[in-house]
2 protein chains.
Amino acid sequence: MHYTRLSINAKQRMGNMISTHQRAEFETLFPFIRQADADFIEKFYASCRYVELPSGVSICDEGQQCSQLTLLLDGVGRVYKLSPAGREVTLYRIHAGEACVLTASCIMNQGSFPAMAVTETPVRGFTVSPDKVRNWICQEAQWQRFIFGLLSSRLASIISVVEEVAFKRIDVRLAQKFALSLARGETSLQVTHAELAADVGSSREVVSRILKDFAMRGLIETSRGQIELTDAEAIVHLSSQ
Amino acid sequence: MHYTRLSINAKQRMGNMISTHQRAEFETLFPFIRQADADFIEKFYASCRYVELPSGVSICDEGQQCSQLTLLLDGVGRVYKLSPAGREVTLYRIHAGEACVLTASCIMNQGSFPAMAVTETPVRGFTVSPDKVRNWICQEAQWQRFIFGLLSSRLASIISVVEEVAFKRIDVRLAQKFALSLARGETSLQVTHAELAADVGSSREVVSRILKDFAMRGLIETSRGQIELTDAEAIVHLSSQ
DNA sequence: GGTCCAGCGTGACATTGTCACCGACAGGAG
DNA sequence: CTCCTGTCGGTGACAATGTCACGCTGGACC
């Protein structure tokens with residue numbers, strides 16, 4: 001799987017002024033800011049920048065220092081591990097109203113980023129520089145609480161990834177993915193076997209075999225780059241093993 | 001694998017007064033306390049309690065609320081996930097000078113503990129109540145920095161567990177364990193195949209097969225409950241695959 | 001001695017990972 | 001339109017791992 005590097009062009013789509021519309025959008029997604037005192041709120045908006053990134057660009061590579069903490073207004077990012085042999089596992093996804101914890105973590109202990117991150121869709125957000133992140137932690141209770149929440153909630157979610165990878169069969173984990181889509185009301189997925197494999201940390205061949213089996217049992221119908229979920233009940237039943 | 005529940009007897013080995021000797025011991029292991037102001041230091045020692053726990057007792061079970069945060073003076077704790085089928089993976093170990101991050105995490109977001117924890121050796125330490133942990137975070141810069149360091153450093157270590165479980169062969173991971181022992185100067189391990197399996201998240205049979213293979217290749221010699229590391233060079237070489 | 005049990009060995013089979021290679025399809029270039 | 005090229009998916013063979021069932025052994029205890 002290959003991702004475009006973040007280009008200068010993409011970086012240039014940034015503006016320094018935060019519009020009132022953007023502030024309103026931010027406040028609904030990051031309610032913590034409302035509880036801060038007016039002083040901090042102004043400091044915050046003055047210090048952060050609005051950015052837009054296209055889909056499929058690499059945000060942070062293994063071993064890099066993190067240059068910015070990004071708070072997402074829209075879109076989704078994926079953080080994953082890459083093995084020397086080229087296999088992947090996704091550790092977690094970042095949605096609107098969240099920020100990348102690993103960035104926060106490696107900003108806090110000055111370490112390097114222990115994984116890779118890419119945009120899965122076009123992404124909009126505010127970025128904050130590492131020194132601000134650190135300073136505000138010590139000074140602003142609301143900001144501190146926000147960062148803490150990020151760290152501790154991700155810890156639990158990454159632990160559940162360990163659990164899945166170590167204990168669960170791959171067909172069950174694929175069924176789980178499908179069940180999540182069904183829960184969102186989607187009965188048709190635009191996804192390749194290779195992408196599913198990268199998600200669950202397996203290889204394409206294994207995913208293909210299992211999907212073929214699903215298709216024979218009538219759970220799904222597959223075509224190039226697309227999967228129809230045809231038997232919701234059976235999928236949900238399998239996913240709960 | 002079965003662990004004794006923490007009994008009332010064990011709990012009663014607590015005292016409220018912290019001796020000057022214990023304070024000195026604490027300060028060498030947790031240097032952050034030295035940088036705090038005198039006011040906080042007194043508050044801290046007045047609020048925490050000294051505890052001793054025997055080896056092999058369960059500290060925290062899956063889904064429980066955490067009653068205390070423990071800062072270890074001595075001994076080692078193990079935090080692990082347990083599958084419905086009875087398999088285990090250890091997530092990390094806690095040594096002197098550290099504290100259980102998961103406890104910290106679930107204290108901070110009031111969640112429940114997403115794993116199990118046991119003492120692997122007799123353990124001594126100071127315990128702090130959840131409300132103190134939370135209050136100090138907001139008020140004491142040094143304490144805050146300490147807790148933050150715990151969270152963010154564990155995040156990276158748990159991610160490396162994901163990586164190992166998802167990508168590495170089990171023989172390589174066993175060799176890694178052995179290489180770590182060799183680095184500590186230990187050429188003889190008192191450990192059962194089942195314990196090794198719980199560590200790397202596999203099953204006893206698989207570990208037995210691989211150890212038999214190691215023995216045939218002259219890397220180790222096995223006897224009941226014990227493993228001699230006889231070919232350090234080959235072990236280190238295999239561990240670095 | 002005899003009993004019990006934790007620790008370990010093992011064969012048979014299911015699942016998963018890896019490698020090599022293939023064909024099918026889509027989107028452009030000519 | 002045909003041809004080319006890269007992506008997508010299928011497949012067979014084999015290695016590694018997980019699971020199940022069972023049996024053996026050494027040591028503790030009566």
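Order of the sequence lines fixes the chain letters, A, B, ..., with proteins taken first and strands second; residue numbering starts at 1 for each chain.
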Exercise. C:dG17 P sits how many Å from B:Lys168 NZ, rounded?
Worked result: 17 Å
Exercise. Any sub-3.5 Å donor-acceptor pair from A:Thr119's side-chain atoms to A:Pro54's backbone N or O?
Worked result: yes
Exercise. So what does A:Ser203 touch, heavy atoms closer than 4.0 Å: a base, only the sugar-phosphate, or nothing?
Worked result: base
Problem set entry | Pair B:Thr230-B:Glu221, side-chain donor/acceptor within less than 3.5 Å | no
Problem set entry | Length of the CD-C1' vector between A:Glu205 and C:dT16, whole Å | 11 Å
Seminar exercise, completed: Outermost contacting nts on DNA chain D, any atom under 4.0 Å from chain A heavy atoms, listed 5' then 3', are D:dG6 to D:dA13
Exercise. Could you give the CD1-to-P distance, from A:Ile210 to C:dA14, as a whole number of Å?
Worked result: 16 Å
Exercise. Hey, is the side chain of A:Arg224 pairing donor to acceptor with the base of C:dA26 inside 3.5 Å?
Worked result: no
For this session: Starting from the 5' end of DNA chain C, give me the residue, A:Arg204 or A:Asp171, whose nearest nucleotide shows up first.
Result: A:Asp171
Exercise. If only atom types and distance count, is the side chain of B:Glu98 paired as donor or acceptor with the main-chain N or O of B:His95 below 3.5 Å?
Worked result: yes
Exercise. Starting at CZ of A:Phe214 and ending at C1' of C:dT15, how long is that distance when rounded to a whole Å?
Worked result: 13 Å
Exercise. Do any N or O atoms from the side chain of B:Ser239 and from the backbone of B:Gln176 form a donor-acceptor pair under 3.5 angstrom?
Worked result: no
For this session: Take the protein atom CD of B:Glu221 and the nucleotide atom C1' of C:dC8, then report the distance between them rounded to whole Å.
Result: 17 Å
Exercise. If you check the A:Arg169 side chain, which of C:dG7, C:dT18, C:dT16 turns out closest?
Worked result: C:dT16
For this session: Measure up the A:Phe126 and A:Phe26 rings against each other and bin them: parallel (under 30°), tilted (30 to 60°), perpendicular (over 60°).
Result: parallel
Exercise. Is B:Arg78 close enough and on-axis enough to B:Tyr80, meaning under 6.0 Å and within 45°, for cation-pi?
Worked result: yes
Problem set entry | Donor-acceptor side-chain pairing of A:Tyr92 and A:Arg154 below 3.5 angstrom | no
For this session: For C:dA6, take OP1 and OP2 only and decide whether either is under 4.0 Å from a side-chain N or O of B:His193.
Result: no
Exercise. Reckon B:Ser202 touches a base, only the sugar-phosphate, or nothing at all at heavy-atom distances under 4.0 Å?
Worked result: sugar-phosphate
Exercise. Given atom CZ of B:Phe167 and atom C1' of C:dT16, what is their separation to the nearest angstrom?
Worked result: 15 Å
Seminar exercise, completed: From CD1 of A:Ile170 across to C1' of C:dG17 the rounded distance in Å is 9 Å
Exercise. Can you tell me how far C1' of C:dA6 sits from CD of B:Glu195, to the nearest Å?
Worked result: 11 Å
Exercise. Counting only side-chain N and O atoms of B:Ser208, is one of them less than 4.0 Å from OP1 or OP2 of C:dG9?
Worked result: yes
For this session: Using a 4.0 Å heavy-atom cut-off across all strands, classify A:Arg87 as base, sugar-phosphate, or nothing.
Result: sugar-phosphate
